[in-house]
Peer 1: 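Structure below; questions to follow.
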4 protein chains.
Amino acid sequence: MAKIKTAEKILMGATRLFAQHGYDGAIMDDLAEQCGVNKASIYYHHKDKITLYEHCLEALFTPIVDAIIVAVEQESGAQDKLAMHINTFAKESAAKPYFAAILMREMASGGTNLPVLARTQMQRILRLLKQVLAQGVDEKVFKKTEPLIVHFMIVGTINLFVATIPLRNALAMEEGCQSLKVSNVKPVGKQLAKTIIRSLLTDVTHPMPP
Amino acid sequence: MAKIKTAEKILMGATRLFAQHGYDGAIMDDLAEQCGVNKASIYYHHKDKITLYEHCLEALFTPIVDAIIVAVEQESGAQDKLAMHINTFAKESAAKPYFAAILMREMASGGTNLPVLARTQMQRILRLLKQVLAQGVDEKVFKKTEPLIVHFMIVGTINLFVATIPLRNALAMEEGCQSLKVSNVKPVGKQLAKTIIRSLLTDVTHPMPP
Amino acid sequence: MAKIKTAEKILMGATRLFAQHGYDGAIMDDLAEQCGVNKASIYYHHKDKITLYEHCLEALFTPIVDAIIVAVEQESGAQDKLAMHINTFAKESAAKPYFAAILMREMASGGTNLPVLARTQMQRILRLLKQVLAQGVDEKVFKKTEPLIVHFMIVGTINLFVATIPLRNALAMEEGCQSLKVSNVKPVGKQLAKTIIRSLLTDVTHPMPP
Amino acid sequence: MAKIKTAEKILMGATRLFAQHGYDGAIMDDLAEQCGVNKASIYYHHKDKITLYEHCLEALFTPIVDAIIVAVEQESGAQDKLAMHINTFAKESAAKPYFAAILMREMASGGTNLPVLARTQMQRILRLLKQVLAQGVDEKVFKKTEPLIVHFMIVGTINLFVATIPLRNALAMEEGCQSLKVSNVKPVGKQLAKTIIRSLLTDVTHPMPP
DNA sequence: TATGAATGAGAATTCATTCAT
DNA sequence: GATGAATGAATTCTCATTCAT
């Protein structure tokens, strides 16, 4: 019987809670109740709240960044790599929706509280992007641009899209405006990739991916 | 004697605190101290914490959205309107940096807690954008696109850029990586506008603004 | 134009509030609002809360006790005096309903907080009752009894009746039980007087008042 | 080791405090201190102040009413039942002196705040009394009377007597008036029973209980 | 491991009172 | 006399954390 370990159960519940309410808004009592464990058990497994938070970030960020790096490595051309970068980021964000919320809050805090590990992970992504863009410049397909801005476009757009899925559904109800209800990330990633790549290309007549 | 009104002083201090720490992380005692007023004074002017928060959002969001609408109205062509939309959003966000942080947190919450007024303001922006894009389609300059995605690109990118200014400065120190230190929003807005507009244009040979 | 003086207006409002909520439950802000005066005005006219309370008690208790004494003096026989004592107490309590509530609360506090003046007034009533009962014993119409118990019967019964008028009306609604709705004090005073006097009479064949 | 449970300890302390100072006058800090428990413990066991108050009323009222009902059931004649009703009410009130104080305050509030349970309990008493009086009328021993008035005489008198025991002791000291010092409830109940029954009897020559 | 109970340090809110005009 | 604003001292309640079993 594949009983989920208590420590794991707590970690998952905590991630959801931190995503929904932020670090300060997440309450240990609620966590215990929602996980169906005793409050003291949390402390048996996780030292304290801040450490638990760090565990959550670690468990959340690392595999996402790893997945992106692996995916990008499988492509060879700069253009394909960039497209893969963006699409994988989108896919992973959509698959682990708490990632977007937590990242957004941390960015909102100026990232000051962001545990070192999470910061490191975000820098790995940025570094990867820089390499891809540099490769593109070398290959004469991309113009020179500020990688940071591209990074912001990717992360900002996707995060916002994923984090607002529930909001948009609510608005769609209120307003009867169906267009708000877009909740599939794939096309968003696609269009974002197209937009960014097109703006980077040296030669606009260069063939675009479909 | 132009004494700043206490209510106003509290509102400003509260906005900063909410932006820095989020709703739950902002502490009324700190607010009182930072404003140099008595704790009870806060309650004299603002009923309770949640109401104070709503007041902050109201004071923050409305003028920004108003400014964007006014600016866009002064242009006539869809392309110019869109550029103005993006640049004004960037300019306003940069001028009132708490806006980005607060909006990001709210988005992270799925916007569920977002007071009605703030939601309404964000919808005003979106509605404006829709009109501009529709006009562009009418004028045959723009391809048909999902306005929501464009909206996300604008808001997500700019917000992330503005909100991470302090983070990036910190990172720049740590890493000695000067490129992180970009803190002037204007070029970001410019490049974002160019990127988005270029991807929207029906005819890539269409003349771009410099 | 017979404008009610502010001090007076406050006194009346305060009496109601103290009766409804007790000393601790009465809130100065509410008082100001209900009286339509500024909070600071209360302190202009009444020093502080406890003093205001004393003023209320004084204004409430003294005329009631005076009225009883005057009324009793107008009778000559012990039996008539006692009847008058009870009926006047009932009448006055009904006319000034806040009296019952305030007295009950004070009694509930063990009367420890009861300002001296109010205590004195209650003792005047008790002293009067003692005299009447003693006179009855002298006149051989009354048996010797403990005046305090008679006092309690009178005050306890009438107070309870008057104070519960609103409660009983509520209950009558809920239960559809009309008998609860007795709200005219006169017959209660009458029956109470009859009950007490009958139990005091030496000779049960002694003529009773109708 | 028969350690008194904390929840119970709090309940008892709270009952005393509510009786002495009323709901608004009872302060949670004081309660914690007097019980020798931590402030937060109170909330661990009792949700909030109002709930704690309700728990107190429940624990206080129910057994008293139960005792009265049981005692009355053991008698058969209406006259004996009524005497037992009054005497048991007196006995119970004396045994749990906080009952009188709390009931008086609630009555003073017009009973409006009185938690449903306490109201229900008081109605059980009234209903019992009605049955006894009705039985007496059936048995032709009692005249028809308004049960509510009889109820008020019983409750009002006994409550006042019990609640004022401390006051009277104080007065007795001040005045040197020994007669005030009556603090044994039994004779009061006895006399009250005699008084009420005598006034209810159809035939005054009817044999009274000693 | 798990849990019910406990707790100290806060944190939001209230309230009587005062002050400047 | 009257009033809007301010304030210090509570007061209720919360929350992360610990302890005994």
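The sequence lines fix the lettering, A, B, ..., with proteins before strands; numbering per chain opens at 1.
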Peer 1: Looking only at N and O atoms, is any donor in the side chain of Lys39(D) or the base of dT7(E) less than 3.5 Å from an acceptor on the other one?
Peer 2: no
Peer 1: What is the pairing partner of dA20(E), taking Watson-Crick or G-U wobble pairs with both distances under 3.5 Å in any strand?
Peer 2: dT3(F)
Peer 1: Without swapping roles, check the side chain of Tyr23(D) against the backbone of Glu106(D) for a donor-acceptor pair under 3.5 Å.
Peer 2: no
Peer 1: Write down the partner of dA10(F) under the Watson-Crick or G-U wobble criteria, each distance required to be under 3.5 Å.
Peer 2: dT13(E)
Peer 1: So does Tyr43(D) get a side-chain nitrogen or oxygen closer than 4.0 Å to the phosphate oxygens (OP1/OP2) of dC13(F)?
Peer 2: yes
Peer 1: Round to the nearest Å and state the distance from Met28(A) atom CE to dT7(E) atom P.
Peer 2: 21 Å
Peer 1: If I take atom CE from residue Met122(D) and atom OG1 from residue Thr164(C), how far apart are they, to the nearest 0.5 angstrom?
Peer 2: 10.0 Å
Peer 1: Taking only side-chain nitrogens and oxygens of Ser41(A), does any of them come within less than 4.0 Å of OP1 or OP2 of dT1(E)?
Peer 2: no
Peer 1: Mind checking if Ala26(D) touches a base, just sugar-phosphate, or nothing, with heavy atoms under 4.0 Å?
Peer 2: sugar-phosphate
Peer 1: Whole angstroms only, please: what is the CD-P distance between Glu33(A) and dG4(E)?
Peer 2: 12 Å
Peer 1: Is the phosphate of dA2(F) approached by Asn38(C) (side-chain N or O, under 4.0 Å from OP1 or OP2)?
Peer 2: no
Peer 1: Going by side-chain hydrogen bond (donor to acceptor under 3.5 Å, both in side chains), Ser109(D) matches just one of Arg105(C), His21(C), Gln20(C). Which one?
Peer 2: Arg105(C)
Peer 1: Find the distance Leu52(C):CG to dC15(E):C1' and express it as a whole number of Å.
Peer 2: 15 Å
Peer 1: Between Val37(C) and Val37(B), name the one whose nearest nucleotide on DNA chain F is closer to the 5' end.
Peer 2: Val37(C)
Peer 1: When you match Lys47(C) and Gly36(D) each to their closest nucleotide on DNA chain E, which lands nearer the 5' end?
Peer 2: Gly36(D)
Peer 1: Parallel, tilted or perpendicular: which fits the ring planes of Phe99(A) and Phe61(A), with parallel below 30° and perpendicular above 60°?
Peer 2: perpendicular
Peer 1: Starting from C1' on dA9(F), measure out to CD1 on Ile27(D) and report it in whole angstrom.
Peer 2: 12 Å
Peer 1: Considering just the side-chain nitrogens and oxygens of His45(B), establish if one lies under 4.0 Å of OP1 or OP2 belonging to dG4(F).
Peer 2: no
Peer 1: Taking the minimum atom-to-atom distance to the side chain of Lys49(C), which one of dG8(F), dT17(E), dT3(E) wins?
Peer 2: dT17(E)
Peer 1: Give, for atom CG of Asn38(C) and atom OH of Tyr43(C), the distance between the pair rounded to the nearest 0.5 Å.
Peer 2: 11.5 Å
Peer 1: Please state whether the phosphate of dA6(E), meaning OP1 or OP2, lies under 4.0 angstrom from any side-chain nitrogen or oxygen of Thr6(D).
Peer 2: yes
Peer 1: Without decimals, in angstroms, what is the distance between Tyr53(B) OH and dA12(E) P?
Peer 2: 15 Å
Peer 1: When the distance from CG of Asp30(B) to P of dA11(E) is rounded to whole Å, what number comes out?
Peer 2: 7 Å
Peer 1: Decide yes or no, distance alone: a donor-acceptor N/O pair under 3.5 angstrom between the base of dG10(E) and the side-chain of Asp29(B).
Peer 2: no
Peer 1: Asp48(C) or Ile42(D): which one's nearest nucleotide on DNA chain E is closer to the 5' end?
Peer 2: Ile42(D)
Peer 1: Taking only side-chain nitrogens and oxygens of Tyr44(C), does any of them come within less than 4.0 Å of OP1 or OP2 of dG1(F)?
Peer 2: no
